[in-house]
Amino acid sequence: MKKFTDVHDIGPLDAAVAEALAVKADRFAFTHLGRHRTLLMIFFNSSLRTRLSTQKAAMNLGMNVMVLDVNQGAWKLETERGVIMDGDKAEHLLEAIPVMGSYCDVIGVRSFAGLKDKAEDYEERVINQFIRYSGLPVFSMEAATRHPLQSFADLITIEEHKTVERPKVVLSWAPHPKALPQAVPNSFAEWMNATDYDFVITHPHGYELAPEFVGKARVEYDQLKALEGADFVYAKNWSAYADPNYGRVLSADRSWTIDAAKMGVTNNAFFMHCLPVRRGMIVTDDVIESERSLVIPEAANREISAQVVLKRILESL
Ligand code: CP
């Protein structure tokens, strides 16, 4: 595997999940693969789970790991070509990428959407520059439009907990005080659409995701109706995608918060969220603390999804 930025890079999902479960059963079986190999993890944005789980996965594979927080201690990086660099950005990404690439064998990048320029965000300018100019395998640790390591972990978690072959999975928008990217819901939709699950997306009017991510999903604007009979409820906030409101918060309507009454219309559904989550906004305390909450196993599976991706990259070197 030379890159991992979307669901297509992982190949058949049944094989990927089987490999994940094998890795989970014996996570130190491939320690030889990473010997004398170095992973560089580059963060343009904050992280708890991605940072720790990916580093742990790399260590399970015997890799050396370096972490760079671009905005804390490194030179501020310019990402646009053709600009006069007379501001606060001291280094251009076009020099920084090959320099960083000279110190490692694999690069992981976290670079969120700026939510100001839709075209720039949706062309994935930053991670694509790493792919183009590093000459190394590059994987996404959440880019502008997708979070594939999260979605892979979500899929593993659903496969581990489903009790029917074709579960009903509902992605529900939920309120949040700040504008968040569409990367997690886009990516979750992309991965769910690659399964044969019964997949439904529910959100208030104005929060439609990009059509290429909605795909074959059913969109239901009535949240309660969408949740009826659900086996898995995946809550997430996102800002508006459609113009002229791209990147804006249109509503923080707490009638969309996932609570016990809403979970009551489901098929005793499991609750999922990628974390971090704002209690009282996205979900109530009782739901996230309930025995049907999968948020911790889901986060734990981030180590497994990262390890499968790194294993496949190392096998291709
Ligand atoms: N879910 C997730 O990616 O968490 P972090 O932002 O903490 O890495």
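Along the sequence shown, the residues carry numbers beginning at 1. Each ligand, and each atom within it, is numbered from 1 in the order the structure gives. Only heavy atoms go into these numbers, but all of them, side chains included; no hydrogens, no water, no symmetry mates.
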>> Centroid separation under 6.0 Å, is that true for the rings of Phe130 and Phe139?
In response: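 Judged by ring-centre distance (under 6.0 Å), Phe139 and Phe130 do not meet the cut-off.
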> Is the distance between the ring centroids of Phe44 and Phe112 under 6.0 Å?
Replying inline: no
> Where does Arg302 meet ligand 1, judged by heavy-atom distances below 4.0 Å: at the side chain, the backbone, both, or neither?
Replying inline: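 The side chain, only.
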Classify the angle between the aromatic ring planes of [X] and [Y] as parallel (below 30°), tilted (30 to 60°) or perpendicular (above 60°).
X	Y	answer
Trp191	Phe152	parallel
Tyr221	His205	parallel
His273	Tyr234	parallel

> Does ligand 1 have any atom sitting under 4.0 Å from a heavy atom of Arg110?
Replying inline: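 Checking ligand 1 against Arg110, which is what was asked, there is a heavy-atom contact under 4.0 Å.
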> Are any of the N or O atoms of Pro276 closer than 3.5 Å to those of ligand 1?
Replying inline: no
> Taking distance alone, with no angle check, do Glu142 and ligand 1 share an N/O pair under 3.5 Å?
Replying inline: no
How far is [atom] from its nearest protein heavy atom, and which residue and atom is that?
atom	answer
atom 7 (O) of ligand 1	Leu48 N, 2.7 Å
atom 1 (N) of ligand 1	Leu275 O, 2.8 Å
atom 4 (O) of ligand 1	Arg49 NE, 2.9 Å

>> Closer than 4.0 Å to some heavy atom of His147 - which atoms of ligand 1 meet that?
In response: 2 (C), 3 (O)
> When rounded to the nearest 0.5 angstrom, what distance separates CD in Glu159 from CG in Leu155?
Replying inline: 5.5 Å
